[in-house]
There are 2 protein chains.
Amino acid sequence: MAGRAANRDAGTAARILDVAEELVQVRGFNGFSYADIAAELGITKAALHYHFAGKADLGEALIARYASRFAEALADVDTAADGAGAPRARLAGFADLYTEVLRNRRMCLCGMLAAEYQTLPQPMQDAVLRFFDDSEAWLGSVLESGRADGSLSFAGSASEAARMVIGSLEGAMLVARPYGDVGRFQTAAANLLAGLTTSPAASAPA
Amino acid sequence: MAGRAANRDAGTAARILDVAEELVQVRGFNGFSYADIAAELGITKAALHYHFAGKADLGEALIARYASRFAEALADVDTAADGAGAPRARLAGFADLYTEVLRNRRMCLCGMLAAEYQTLPQPMQDAVLRFFDDSEAWLGSVLESGRADGSLSFAGSASEAARMVIGSLEGAMLVARPYGDVGRFQTAAANLLAGLTTSPAASAPA
DNA sequence: GTCTATACAGCGATAGAC
DNA sequence: GTCTATCGCTGTATAGAC
């Protein structure tokens, strides 16, 4: 989920998605137009309609690609953090994905679309909910493992805790971004995760 | 901060604000037009411009009124929860304000505007940050009291904890609203507050 | 304070040439 | 695959009558 480089060599469709993605994450789906994308790429609006018939189609493609990249990033977190201490490291890795998005002065794509949810065409609405459902499933499983091995602690079900964490990270981004302060997000995330982490004495008995 | 009733007897300016407020909280500042307000009130767009010269002026008035009502609501929470156990009750009362907003199928006005922040005229941007600063000041003071009397517990400064709580509540709303599920928010809020609450044994020694 | 009428820019979208 | 040209509509905003 790192901020992708210029993507100069990608096909036109991919470059359109790159520009549109940034516009949605920075200005919202209702805050940009085909003209903005066309100007940025040096092509015309008509060319955009060749690749994406309507704004709704573009929006669906945007979420699909974002969700797919996010799933890859989660798989990378799984790979990077393995063995003992995996749950804690994976939880931290999950929060780090959000940090990277904010570092690019962006809001989470689906967090932004959640705000505009009522104005979105239904296929986009459905895709946004799927994104959160998938995140909840991955994180819930991590939290459950952490509770099982004693490294994490929380009340209620792992799904509920996952929902709480996802919402909290989205909200921390939402508020930190206007302040232009990544540290503000990181502090909030650290305090949040601290509340789920068992004390060293309990998790790593000397 | 309860969902205000029809406000049938209010002046036109107030009724415009009522309708615009709901539109912003449901669809976003970039998701509605003067025509939407005019249609809802049965007046013309030109009449709207008499009361609020431009959309930016309307937006500023919207935040000012919302922030003023929110401050009143916080004062009410102070009054309702007094004496022993006040910090915990005030913290719960703070979360309840958010619940009420969500019950009306709305997002927090300033949470919504935070998402659209980069597209807002600067006076609106400034007012949004002031709203969060004020909330942080009030909540930080509540948390500090709670730590002092032993009823609340958290790492770092009270201001940092306040920022974490505000962000988490905003994010819980942001994500719960698309699901149309107030219970989803309430569960997340309860889990969040549980992490700040000292165990009964510590706070209420039998 | 509200109206009719209108200006004018921007929007998403389409037709048809190249 | 991209262009020029244009459509129909909606956006915010204004002028001037009542």
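Here is how names work: the chains are called A, B, and so on, in the same order as the sequence lines, proteins then strands, and each is numbered from 1.
Thr119(A) pairs by the side-chain hydrogen bond (donor to acceptor under 3.5 Å, both in side chains) definition with Asn30(A), not counting sequence neighbours. With sequence neighbours left out, the side-chain hydrogen bond (donor to acceptor under 3.5 Å, both in side chains) criterion links Arg103(A) to Glu100(A). Here Ala75(A) pairs with nothing under the side-chain contact (heavy atoms from CB on, under 4.5 Å) rule; sequence neighbours left out. Not counting sequence neighbours, the partners of Glu144(B) by the side-chain contact (heavy atoms from CB on, under 4.5 Å) test are Arg147(B), Ala158(B). Scanning for side-chain contact (heavy atoms from CB on, under 4.5 Å) contacts around Leu41(B) gives Arg15(B), Ile16(B), Val19(B), Ile37(B), Ile43(B), with sequence neighbours left out. Here His49(B) pairs with Tyr34(B) under the ring-ring contact (aromatic ring centres under 6.0 Å, His included) rule; sequence neighbours left out. Annotation: ring-ring contact (aromatic ring centres under 6.0 Å, His included) contacts of Phe132(B) (sequence neighbours excluded): none.
Residue pairs that meet the ring-ring contact (aromatic ring centres under 6.0 Å, His included) test with at least one member in residues 72-113 of chain A, sequence neighbours left out, are Phe94(A)-Tyr98(A), Phe94(A)-Trp138(A). Residue pairs meeting the side-chain hydrogen bond (donor to acceptor under 3.5 Å, both in side chains) criterion with at least one partner in residues 183-195 of chain A, sequence neighbours excluded, are Arg184(A)-Glu136(B).
Secondary-structure stems of DNA chain D, taken as three or more successive Watson-Crick or G-U wobble pairs (i with j, i+1 with j-1) under a 3.5 Å distance threshold, comprise C:1-18 with D:1-18.
Within the 4.0 angstrom heavy-atom criterion, only backbone atoms of the sugar-phosphate kind lie near Ser33(A); the bases stay farther away.
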For nucleotides 13-15 of chain D, tabulate all protein N/O to nucleotide N/O atom pairs closer than 3.5 Å, reporting atom names and distance.
unit_1, atom_1, unit_2, atom_2, d
dA13(D), OP2, Lys55(B), N, 2.9
dA13(D), N7, His49(B), NE2, 3.2

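Gln125(A) places a side-chain N or O within 3.5 Å of a backbone atom of Tyr117(A) that can act as its donor or acceptor partner.
With a heavy-atom cut-off of 4.0 Å to chain A, the contacted part of DNA chain C has its first and last nucleotide at dC11(C) to dA15(C).
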